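Heavy-atom basis, side chains included; hydrogens, waters and symmetry copies ignored. Position 1 is the first residue of the sequence; numbering continues from there. Being a predicted model, the structure only gives us computed values, none of them experimental.
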Amino acid sequence: MCFKNLPIEFDANGNAQLKQGIPDPYAITTSRPDVRVTDAEREATIQRLMAANGHVKDINMDPVTRVAGALAVNVTADLDNRRYLDARSQATLFRGYEVILMGRDPRDAIFVSSRACGVCGGVHSHCSAYAIEMAMGLKPPPLGTVVRNMQEAAEMGYDNPLHLYLLAGPDYSESVVKAVNPELWPKAEQWKCPNAKTHGFATMAELMTELNPLTGKLYQEGLEFTRLSREMFSILAGKYPHPQTVVPGGVSSTVTMQTLNEYHSKLGRLFDYAQRMLGVWNDIPDFFYECDERYQQVGARPMNLIDPGFWDDPFAYDATYENCNGWGARRWSTPGVVIDGELVTTRLTDINIGWEEFVEHSYYEQWAGDRYTTDPLGNPISTYHPWNKRTLPSPTGKSWKDKYTWACTPRWDRNVVEAGAYARLFTTAMAGLQPHNDFIESTGHSLRMRIPKGTSQQSVVEWKVPEVWNALERNRGRAYHYLFSQLVGWLSLLQAYDLFKRGERKVAAVPAGELDKHIPDGERVGMGWWGAGRGFLTHHLVMDGGKIANYQICTPSTINASPRDPWDQPGPYEEAVMNTPIIEDASPDKFTSIDMLRTIRSFDPCMPCTTHVHTGSGTVMREVNTCSCGAD
């Protein structure tokens, strides 16, 4: 392991230390990534085009909607040359959960932070519990960890179909394609689906018709299966979202054999659905690629991905930072960082010490003072590390050259990395550390998965690392992640049955009434490495005097929606949009920017998006609230 940009080196045992002789090693002017194009160079290009047009004017493109977690994506398009010149991602609301948590009992973090999202209302509860139990020194019993894994497999079972059929799917439906890509519809009517036997649609046109919002069978089936998975979560946790039974040291649910059997009866229905889902989302990309190879560049960006892993080995996880690399390597989903298509580490400590968050272009003040210079193992950490970060809101006017968003700018080794459920496929496939089992196999370049027999016969499918990383592959990857997560649910259920046979029924380290005795008075740090339907999720906690002294949440949408960093590197949304060609009719009266919308939605942004497009002719062609089902 080595860092490319941060001034950190490793000895033969993997221990990290700062390189010697650097006066200010973490200064942004000292440790700099290579930047392909600066904002000044990009602006100069735009100005040259404006001068050539002679009638381009400045336009105020503030968001037109105000919704929880709103995201504005402001785009400048050059219709003559069919390309996007610039893109800015703007989170338009501040909610401040980290500020709310300051000074509170650490156990409150589970319930307060869960409200950060109503779409993925269980992942924050679990991630917070991980951070707290690390600080408190509480190790969950095996069944407690297994129940958590089963809950989170169910949550992914709800979240992935929600994206594929209610949020992203309509972008590929008959109603949208006929409106914005009419040239594709005759081809769709003639295109024979290779996976027709799996999903039941003979042509792509038939498939697209069933993706139509509200009326399409695939849309309706997506609703049904999101309900089924929410029921599975509720069987184990009592309610969803925002479960009240996730506690430091395990869960407080009453788990019986009936509980497991009810979960089992619903899980069995999901594997036939997974096969149909794979058939649908294997055919859609192949159709678009065959129609026009430029679709391979829609939403394309380098294969720079990050994930902390997901779903713990119940016999390895001990809640300690000291052993995190060991228990992290035994997760069903392997932690890891992929840079330029290569897996550079699978160690949780490397993921942690390489992590920084910047606020140069965000509505926050830079914090002062270095509380921590190392992690608990003595590895160096940056002044910009979440354990050192303070949330200091400072709203100002919007300026693309200064501050323009409420999202901060997370980076790993000062690289722009992307979060996503599909990142788990990359890291797990490449690492080859998958625990021994009969259903999931990592090959170094793919994941082979055996689908248990349902009404359909048992089958083996394989997700392969794609040659190009783009919007269509994000959607395909999420379909395979759905199967992956449900297989983890199945394997965890088998572990739960086995523990019951052995008489191991304990689900929490200590009774809830005794947790007070385990809250330390001294200063402690903890962190939760976990995952959401959109990927990477961490909670960093500092406790002092039995209270929360600092709390930092980093969500996958924060990573993906991040603005420019101190070196002018655009965030993943911004970069992916600027790499997207304009394939549709580029006439000013017909231009819809549909592939920009497909790009943003492929990340599964956890917020509606208010999207503005500024064309090279100097007019705003679209102001649209990108709701999940509108054909606009």
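- For the residue pair H539/Y551, the side-chain donor-acceptor check at 3.5 Å is satisfied.
- Checked options R414, R411, K389; the residue passing with E356 is R414 (criterion: salt bridge (Lys or Arg N to Asp or Glu O under 4.0 Å)).
- For the residue pair H163 and N475, a side-chain donor N or O sits within less than 3.5 Å of a side-chain acceptor on the partner.
- Annotation: salt bridge (charged side-chain N to carboxylate O under 4.0 Å, His left out) contacts involving residues 425-451, sequence neighbours excluded, comprise E441-R448, R448-E462.
- The aromatic rings of Y384 and F358 are tilted relative to each other, their planes meeting at an angle between 30° and 60°.
- Other residues, nucleotides and ligands contribute more than 12 heavy atoms inside 6.0 Å of the NZ atom of K239.
- Neither side chain, N160 nor Y165, offers a donor N or O lying under 3.5 Å from an acceptor on the other.
- By the neighbour-count criterion of 12 heavy atoms within 6.0 Å, atom CD of Q458 is densely surrounded, having more than that number from other residues, nucleotides or ligands.
- Side-chain N/O atoms of T334 and Q434 include no donor and acceptor closer than 3.5 Å.
- Here side chain to side chain donor-acceptor pair (under 3.5 Å) pairs that include residues 524-533, with residues two or more places apart or in two chains, are E152-W530.
- Rounded to the nearest 0.5 angstrom, I339 CD1 and T345 OG1 are separated by 10.5 Å.
- The ring-ring contact (aromatic ring centres under 6.0 Å, His included) with W463 is formed by just one residue from the set Y422, F426, F484; it is F426.
- E262 and K266 are not joined by a salt bridge, as no carboxylate oxygen comes within less than 4.0 angstrom of a charged side-chain nitrogen.
- A salt bridge links E418 with R301: at least one charged nitrogen is closer than 4.0 Å to a carboxylate oxygen.
- Under the 3.5 Å distance criterion, with hydrogens and angles disregarded, no donor-acceptor pair is assigned to the side chains of H124 and Y97.
- Counting only residues at least two apart or in different chains, salt bridge (charged side-chain N to carboxylate O under 4.0 Å, His left out) contacts with residues 525-543 comprise D159-R534, R534-D604.
- For the 3.5 Å distance criterion, the side chains of N325 and T349 qualify, holding a donor opposite an acceptor.
- A tilted orientation is assigned to the rings of Y321 and W387, their planes being inclined by 30° to 60°.
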